[in-house]
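Here the structure is laid out as structure tokens; the discussion comes afterwards.
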Amino acid sequence: NVPVAKAAVSVGFKDVARLREGGSVRIHGVSKSFGSHKVLDNVDLTLAAGSVTAILGPSGSGKSTLLRSINHLERVDSGFISVDGEFVGYSKHGDTLYELKEKDVLKRRADIGMVFQNFNLFPHLTVLENLIEAPIQVRGADRQEAAVEATELLVRVGLQDKLHAYPRQLSGGQQQRVAIARALALRPKVILFDEPTSALDPELVGEVLDVIKELARTGTTLVVVTHEVGFAREVSDTVVFMEGGRVLEVGSPDQVFSQPKHSRTKEFLAKVL
Ligand code: ADP
Ligand code: MG
């Protein structure tokens with residue numbers, strides 16, 4: 001007897017209607033535990049459509065769990081998440097539970113691209129096949145049309161000559177650029193990056209950050225978990241510092257990096273800067 005929320009509005013948050021614009025993300029009172037370990041502790045964040053948010057914080061602070069919750073890969077215990085004004089997945093508000101049907105979850109997820117630390121390309125598929133898989137499966141795109149669009153995306157990430165290569169034939173930086181193109185192939189409103197350069201050799205980090213920088217200009221909402229402070233300072237509108245499952249600090253890059261309010265932010269920055 002779990003009621004199914006048809007839209008964010010039916011959840012009863014007064015201000016949800018205002019968020020019905022391309023790609024805003026609203027996280028309200030979200031908590032999540034694994035057993036007795038509280039991994040997200042009453043997280044509140046509102047990300048404007050088209051904004052770029054960098055999330056920083058020590059290992060284990062809940063950054064990946066937060067991204068996975070936005071994409072409904074994790075089910076939160078309480079609170080509410082909406083993307084583009086549409087309620088995502090599962091929520092407990094007061095004593096009331098709301099849960100989307102699986103097919104609605106899949107529909108919502110199509111608006112949200114995700115790029116992982118370890119690329120997660122399909123190893124047995126070529127670059128082109130990796131890119132057309134989701135548009136065909138999820139959006140019902142025509143194969144020919146999907147291939148044309150995939151080729152355009154590969155031009156955008158500078159890999160048009162790798163159309164028929166397999167992931168193992170590419171460098172880490174190239175694989176991650178393919179993964180970004182693959183995320184774009186669904187025309188998402190929001191793209192979540194979980195430490196997209198952490199697995200790369202230092203000399204390959206720049207080419208991936210350059211592609212993300214380029215995306216930041218296109219109006220897609222980007223959320224990037226990263227330890228690259230220089231990149232966050234240059235590209236993001238908002239910097240979020242998390243620790244122990246809590247958002248300790250939110251502000252402009254200048255505020256957070258130059259005048260952190262919280263002593264834990266200062267200590268963390270002293271280590272990564
Ligand atoms: P971060 O990305 O900031 O390093 P995570 O969100 O990956 O943090 O993890 C936060 C905490 O939750 C860690 O202590 C981690 O061990 C724990 N955790 C994450 N996923 C699971 C899981 N599926 N089961 C149990 N514990 C988990
Ligand atoms: Mg992580």
Side-chain angles (χ1 to χ4, degrees), residues 21-25 47-54 67-68 70-73 83-84 86 88 106-122 125-167 170-197 199-200 204-226 231 235-237:
E21 44 190 60
S24 57
V25 178
L47 314 178
S51 63
V52 180
T53 303
L67 287 198
R68 291 168 57 77
I70 296 171
N71 206 10
H72 199 54
L73 294 169
V83 171
D84 205 24
E86 299 275 4
V88 177
L106 293 177
K107 220 182 286 169
R108 298 289 158 82
R109 213 181 267 156
D111 282 341
I112 309 166
M114 187 136 180
V115 174
F116 301 89
Q117 185 174 338
N118 291 307
F119 331 132
N120 290 12
L121 295 173
F122 303 117
L125 299 182
T126 66
V127 166
L128 178 66
E129 288 163 348
N130 263 281
L131 262 64
I132 64 176
E133 168 86 13
I136 292 173
Q137 298 299 330
V138 179
R139 191 152 39 82
D142 167 73
R143 202 184 162 83
Q144 193 58 40
E145 173 213 329
V148 169
E149 199 163 317
T151 310
E152 288 166 4
L153 287 171
L154 286 172
V155 172
R156 230 166 119 185
V157 301
L159 290 171
Q160 58 276 21
D161 55 331
K162 300 294 184 191
L163 213 58
H164 302 294
Y166 284 89
L170 305 178
S171 72
Q174 290 171 332
Q175 288 187 57
Q176 193 60 303
R177 282 146 66 197
V178 172
I180 293 170
R182 183 177 63 173
L184 286 170
L186 274 179
R187 305 174 190 159
K189 293 172 177 150
V190 178
I191 308 181
L192 312 172
F193 295 86
D194 196 354
E195 301 199 29
T197 61
L200 298 176
L204 302 178
V205 168
E207 65 189 63
V208 171
L209 293 181
D210 284 346
V211 167
I212 301 174
K213 236 181 264 180
E214 189 53 44
L215 277 182
R217 279 183 260 248
T218 64
T220 310
T221 310
L222 305 182
V223 186
V224 190
V225 173
T226 184
F231 167 81
V235 178
S236 68
D237 307 297

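Please read all numbers here as calculations on a predicted model, not as lab measurements. For the numbers below, each heavy atom of this structure counts, side chains included, while hydrogens, waters and symmetry mates do not.
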Any donor-acceptor N/O pair, Thr126 side chain to Glu129 backbone, under 3.5 Å: yes
Full working for salt bridge (charged side-chain N to carboxylate O under 4.0 Å, His left out) between Arg177 and Glu207: CA-CA 8 Å; Arg177 282 146 66 197; Glu207 65 189 63; 2.6 Å; yes
Closest heavy-atom pair and its distance - Thr220, Lys189: CG2-O, 3.5 Å
Criterion side-chain contact (heavy atoms from CB on, under 4.5 Å) on Leu170 and Val127, from CA distance to verdict: CA-CA 10 Å; Leu170 305 178; Val127 166; 3.8 Å; yes
Nearest non-hydrogen partners of Asn118 and Ala199, listed with the distance: OD1-CB, 3.6 Å
side-chain contact (heavy atoms from CB on, under 4.5 Å) evaluation trace for Met114 with Arg68: CA-CA 9 Å; Met114 187 136 180; Arg68 291 168 57 77; 4.2 Å; yes
From Arg156 atom CZ to Leu215 atom CG, the distance as rounded to the nearest 0.5 Å: 5.5 Å
Gap between atom CG of Asp210 and atom CZ of Phe231 - 0.5 Å precision: 9.5 Å
Euclidean distance, Ile132 CD1 relative to Arg143 CZ, rounded to 0.5 Å: 4.0 Å
Verdict with supporting geometry, Leu222 and Phe193, side-chain contact (heavy atoms from CB on, under 4.5 Å): CA-CA 8 Å; Leu222 305 182; Phe193 295 86; 3.9 Å; yes
Full working for salt bridge (charged side-chain N to carboxylate O under 4.0 Å, His left out) between Arg187 and Glu149: CA-CA 10 Å; Arg187 305 174 190 159; Glu149 199 163 317; 2.9 Å; yes
Option among Ile112, Val223, Val224 that satisfies the side-chain contact (heavy atoms from CB on, under 4.5 Å) test with Leu67: Val223
Interatomic distance, Lys162 atom NZ to Leu128 atom CG [nearest 0.5 angstrom]: 15.0 Å
Minimum-distance pair of heavy atoms, taken over all atoms of Pro167 and Phe122: CG-O, 3.5 Å
Which atom of Ala183 lies closest to which atom of Gly113, heavy atoms considered: CB-CA, 4.3 Å
Shortest non-hydrogen contact between Thr221 and Gly23, atoms and distance: OG1-O, 2.6 Å
Trace of the side-chain contact (heavy atoms from CB on, under 4.5 Å) decision for Asp84 with Val190: CA-CA 9 Å; Asp84 205 24; Val190 178; over 6 Å; no
Under 3.5 Å donor-acceptor, Ser24 side chain and Leu47 backbone: no
Backbone N/O of Leu125 and side chain of Asn130: donor-acceptor pair under 3.5 Å: yes
Contact check, side chains of Gln174 and Leu159, non-hydrogen atoms, under 4.5 Å: yes
Check: Leu192 and Val115 side chains under 4.5 Å, non-hydrogen atoms: no
Asp237 (side chain) donor-acceptor with Val52 (main chain) under 3.5 angstrom: yes
Closest approach of Val138 to Ala110 (non-hydrogen atoms, all atoms of both residues): CG1-CB, 3.7 Å
Nearest-0.5 Å distance that lies between atom CG in Leu131 and atom OG1 in Thr151: 8.5 Å
Test item: Arg182 and Asn120 side chains (from C-beta on) under 4.5 Å apart, heavy atoms: yes
Residue pair Arg109 / Leu106, side-chain heavy-atom distance below 4.5 Å: yes
N/O donor-acceptor pair under 3.5 Å between Glu195 side chain and Phe116 backbone: no
Close side-chain approach of Asp194 to Gln117, heavy-atom, < 4.5 Å: no
Distance in Å, Gln144 CD paired with Ile136 CD1, rounded so as to fall on 0.5 Å steps: 10.0 Å
